[in-house]
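All residue numbers in this chain count up from 1 along the given sequence. Quantities reported herein were computed from a predicted structural model and do not represent experimental measurements.
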Amino acid sequence: MTELADTTSLLLSRIRDVADYPEQGVMFKDITPLLADPTAFTALTDAFAEIAERTGATKIVGLEARGFILGAPVAVRAGLGFIPVRKAGKLPGATLSQAYDLEYGSAEIEVHAEDLTAGDRVLIVDDVLATGGTAEAAIQLIHRAGAEVAGVAVLMELSFLDGRPRLEAALGETARLDALLTV
């Protein structure tokens, strides 16, 4: 078995399905068992750090909230800075914000205006790609800050929600979407 297949198998084995959470009919993918397993968490961090290196990223952006948990150790492992993208109203100081639509309403995310510069190549890290709305808003926010998006890396893509085409359109030809697992 190859190293990639071993990593994929390890990661899949540490994700728990929780039926009917947060509402009836939803199968929630719980990554807390993966985070609790140092071998699995290290394998995930290493895989994301390899993506950061391959894309030439100079900074890691983590999307609130699980993107913080995943992105911060990736930044440390890759020797890069970490930038949190937060829900509106959570960051002190001058921020840039980006509104976006959800299936059930709208939301807004923010980043500190001074944390990204024109020379930055940013890898966006998150746990799950669902419909792609939050990641697409982060791409727009990073561009507005004057930085370049090196790519988007997610632990798991929920392929039945069709977020990939939306993100690939937002990323264009110069950056790519990497999903370690597709369900």
Side-chain angles (χ1 to χ4, degrees), residues 22 29 31 44-45 47-159 161-182:
K29 300 294 187 183
I31 68 166
L44 173 60
T45 301
F48 278 157
E50 288 173 17
I51 294 168
E53 182 178 332
R54 184 187 73 236
T55 62
T58 61
K59 298 233 173 104
I60 302 294
V61 156
L63 303 180
E64 190 165 339
R66 289 180 295 263
F68 297 175
I69 297 167
L70 303 181
V74 171
V76 170
R77 176 68 45 91
L80 305 174
F82 176 77
I83 311 298
V85 169
R86 305 233 29 213
K87 294 175 184 170
K90 301 290 185 180
L91 291 172
T95 61
L96 293 173
S97 64
Q98 182 67 46
Y100 62 101
D101 291 327
L102 301 164
E103 312 84 275
Y104 48 85
S106 62
E108 189 173 1
I109 55 175
E110 294 180 334
V111 67
H112 275 133
E114 72 275 4
D115 287 347
L116 295 170
T117 64
D120 287 324
R121 284 186 48 81
V122 179
L123 177 65
I124 300 167
V125 172
D126 206 4
D127 64 330
V128 173
L129 169 61
T131 63
T134 306
E136 181 183 43
I139 291 167
Q140 294 167 349
L141 190 60
I142 290 163
H143 286 152
R144 287 185 44 231
E148 182 182 348
V149 177
V152 175
V154 296
L155 167 59
M156 176 177 12
E157 176 183 351
L158 304 179
S159 60
L161 293 176
D162 294 323
R164 180 173 286 274
R166 179 181 191 170
L167 272 195
E168 287 178 338
L171 287 167
E173 300 291 322
T174 60
R176 65 182 255 184
L177 167 61
D178 286 287
L180 300 180
L181 306 172
T182 302

Next item on the list: Kindly give the heavy-atom pair with the smallest separation between V111 and P84, and that separation in Å.
Entry: CG2-O, 4.0 Å

Checklist line | For I124, the option from L63, V154, L141 that meets side chain to side chain contact (heavy atoms under 4.5 Å, CB included) | finding: L63

Item checked: Point-to-point distance, once rounded to the nearest 0.5 Å, from CD1 of I109 to OG1 of T95 -> 11.0 Å

Margin query: Quick check: closest heavy atoms across D120 and K59, and the distance to 0.1 Å?
Written below: OD2-NZ, 3.0 Å

When the side chains of residues 144-152 are checked against the rest of the protein, which donor-acceptor pairs come out under 3.5 Å, sequence neighbours left out?
unit_1: R144; atom_1: NH1; unit_2: S97; atom_2: O; d: 2.3
unit_1: R144; atom_1: NH1; unit_2: Q98; atom_2: OE1; d: 3.3
unit_1: E148; atom_1: OE2; unit_2: R121; atom_2: NH1; d: 2.5

Note to self: I'd like to check the side chain to side chain contact (heavy atoms under 4.5 Å, CB included) partners of A107; sequence neighbours left out, ordered by chain and number.
What the structure shows: Y100, L102

Check: Considering residues at least two apart in sequence or located in another chain, which fulfil the salt bridge (Lys or Arg N to Asp or Glu O under 4.0 Å) criterion with R54?
Finding: D178

Note to self: For T55, give me all partners under side-chain hydrogen bond (donor to acceptor under 3.5 Å, both in side chains), at least two apart in sequence or on another chain.
What the structure shows: none

Notebook entry, point to check: Of the non-hydrogen atoms in G62 and F68, which two are nearest, and what is the gap between them?
Noted result: O-CE2, 3.3 Å

Item checked: Residues that A52 engages under side chain to side chain contact (heavy atoms under 4.5 Å, CB included), provided they are two or more places apart -> A57, I60, A78, L80, L123

Notebook entry, point to check: Can you tell if the side chain of V74 reaches within under 4.5 Å of the side chain of I51, non-hydrogen atoms only?
Noted result: no

Next item on the list: Sorted by first residue and then second, give each salt bridge (charged side-chain N to carboxylate O under 4.0 Å, His left out) pair with at least one member in residues 64-75; sequence neighbours left out.
Entry: E64-R86, R66-D127

Next item on the list: Starting at CG of L171, measure out to CD of E136 and round the result to the nearest 0.5 Å.
Entry: 9.5 Å

Checklist line | From CE (M156) to CG (L180), nearest 0.5 Å | finding: 10.0 Å

Next item on the list: Tell me, yes or no, whether the heavy-atom count around E53 atom CD, taken from other residues, nucleotides or ligands under 6.0 Å, exceeds 12.
Entry: no

Next item on the list: List in chain and number order the residues that pass side chain to side chain contact (heavy atoms under 4.5 Å, CB included) with T182, two or more places apart in sequence or in another chain; answer none if no residue qualifies.
Entry: E157, S159, A179

Note to self: To the closest 0.5 Å, what do you measure between CG (D162) and CG (L167)?
What the structure shows: 12.0 Å

Notebook entry, point to check: Quick one: salt bridge (Lys or Arg N to Asp or Glu O under 4.0 Å) partners of E168, sequence neighbours excluded?
Noted result: R164

Item checked: D126 versus G67, closest heavy-atom pair with distance -> OD1-N, 3.4 Å

Margin query: Quick check for you: to the nearest 0.5 Å, what is the distance between L181 atom CG and L158 atom CG?
Written below: 10.5 Å

Notebook entry, point to check: Between atom CG of L116 and atom CD1 of I142, what is the distance when rounded to the nearest 0.5 Å?
Noted result: 6.5 Å

